[in-house]
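Everything on this sheet refers to the single structure shown next.
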Amino acid sequence: QVQLVESGGGLVQAGGSLRLSCAASGRTFSSYAMGWFRQAPGKEREFVAAISCSVENTYYADSVKGRFTISRDNAKNTGYLQMNSLKPEDKAVYYCAAGHIVRSTVEGYRYWGQGTQVTVSS
């Protein structure tokens with residue numbers, strides 16, 4: 001069992017930055033791949049970024065490539081999503097997730113946090 005808690009969301013102007021954190025507890029966080037997903041009102045949850053357990057591999061949705069950076073600190077059991085050049089269309093609830101294999105699908109992750117709201121004003 002892995003418990004995940006996101007933080008760092010908030011309101012930011014377009015062009016601004018936010019850094020989301022995902023604190024993990026329970027089983028060894030370093031043995032899990034981690035993903036970030038987001039869900040806007042009325043839309044399905046979509047993949048944002050993922051990172052392998054060894055930090056060697058990272059993956060991004062085309063919509064955030066070059067603006068967002070996923071990282072993790074296994075010694076601190078924490079994952080991060082640095083979001084730069086935010087756009088109004090980035091507004092959503094952001095979720096972190098943990099799974100055995102790095103994937104870009106919701107079904108690929110077993111453990112989920114409760115989400116943190118990100119709002120970008122134009």
Side-chain angles (χ1 to χ4, degrees):
Q1 189 78 6
V2 176
Q3 293 80 40
L4 303 172
V5 179
E6 303 94 337
S7 61
L11 172 64
V12 64
Q13 288 187 334
S17 299
L18 282 175
R19 188 193 196 199
L20 305 184
S21 298
C22 176
S25 60
R27 291 185 178 269
T28 307
F29 176 65
S30 61
S31 65
Y32 289 88
M34 187 186 77
W36 285 95
F37 291 75
R38 66 187 181 185
Q39 189 167 17
K43 294 188 176 181
E44 294 186 351
R45 193 169 297 188
E46 65 174 6
F47 170 74
V48 174
I51 186 168
S52 61
C53 56
S54 63
V55 195
E56 290 180 352
N57 299 302
T58 57
Y59 306 88
Y60 296 93
D62 288 342
S63 59
V64 307
K65 202 171 293 183
R67 300 188 297 122
F68 291 11
T69 302
I70 189 171
S71 62
R72 63 191 297 167
D73 185 338
N74 287 335
K76 295 182 178 180
N77 286 344
T78 303
Y80 305 97
L81 185 68
Q82 177 67 44
M83 305 186 296
N84 298 329
S85 302
L86 282 161
K87 303 176 181 180
E89 51 263 42
D90 294 318
K91 175 184 176 180
V93 177
Y94 283 71
Y95 299 88
C96 68
H100 291 290
I101 301 174
V102 62
R103 295 182 187 273
S104 61
T105 60
V106 170
E107 295 76 17
Y109 292 86
R110 181 173 182 180
Y111 303 106
W112 291 83
Q114 84 290 347
T116 185
Q117 177 71 50
V118 171
T119 302
V120 184
S121 63
S122 57

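Only this structure's heavy atoms are used, side chains among them; waters, hydrogens and symmetry mates stay out.
Counting only heavy atoms from C-beta outward, the side chains of S21 and S7 approach each other to under 4.5 Å. Side-chain atoms of E44 and V106, non-hydrogen and from C-beta on, never get closer than 4.5 Å to each other. Looking at heavy atoms from C-beta onward, P41 lies out of side-chain contact with K91 at the 4.5 angstrom threshold.
Here the side chain of E6 pairs a donor or acceptor atom with the backbone of G115 at under 3.5 angstrom. Put simply, the side chain of S122 never gets that close to the backbone of P88: no donor and acceptor are under 3.5 Å apart. Of the possible polar contacts, none joining the Q39 side chain to the A92 backbone as a donor-acceptor pair under 3.5 Å is found. Without hydrogens or angle criteria, Y109 side chain to C96 main chain gives no donor-acceptor distance under 3.5 Å.
In this structure, G8 and L18 approach most closely via the heavy-atom pair O-CD2, 3.8 Å. Taking every heavy atom of both residues into account, W36 and C22 meet most closely at CZ2-CB, 3.7 Å. Looking at every heavy atom in both residues, I51 comes nearest to S71 through CD1-CA, 3.8 Å. The two residues Q117 and V93 have their closest heavy-atom pair at OE1-CG2, 3.3 Å. Of all non-hydrogen atoms in A24 and V2, the two that sit nearest each other are CB-CG1, 4.3 Å.
In this structure, H100 NE2 and C53 SG are separated by 11.0 Å, a value rounded to the nearest 0.5 Å. Atom-to-atom distance recorded for R110:CZ and Q1:CD is 7.0 Å, nearest 0.5 angstrom. Note that CG of N74 and OG of S54 are 8.5 Å apart. Values are rounded to the nearest 0.5 Å. If you take CG on L86 and CD on Q13, they are separated by 11.5 Å, rounding to the nearest 0.5 Å. The distance from the CZ atom of R72 to the OG1 atom of T58 is 12.0 Å, given to the nearest 0.5 Å. The distance from the CG atom of L20 to the OH atom of Y95 is 12.5 Å, given to the nearest 0.5 Å.
Counting heavy atoms of neighbouring residues, nucleotides and ligands inside a 6.0 Å radius, atom NZ of K43 does not exceed 12 of them.
Hydrophobic clustering, with ILVMFWY side chains joined whenever heavy atoms are under 4.5 angstrom apart, keeps I70 apart from L4. Both V118 and V48 sit in one connected hydrophobic cluster of ILVMFWY residues. Membership requires side-chain heavy atoms under 4.5 Å apart, directly or through other members. In the hydrophobic clustering of this structure, V102 does not group with M34; members are Ile, Leu, Val, Met, Phe, Trp, Tyr whose side-chain heavy atoms approach within less than 4.5 Å, directly or through other members. Y32 and Y80 end up in different hydrophobic clusters when Ile, Leu, Val, Met, Phe, Trp and Tyr side chains are linked at under 4.5 Å. Cluster annotation: V12 is connected to L81 through the hydrophobic network of ILVMFWY side chains, with a link wherever side-chain heavy atoms come within less than 4.5 Å.
Here the rule is side chain to side chain contact (heavy atoms under 4.5 Å, CB included) with V64, and of R38, K87, M83 only R38 fits it.
Between F47 and F37, the angle of the ring planes goes over 60°, which puts this pair in the perpendicular group of the 30/60° scheme.
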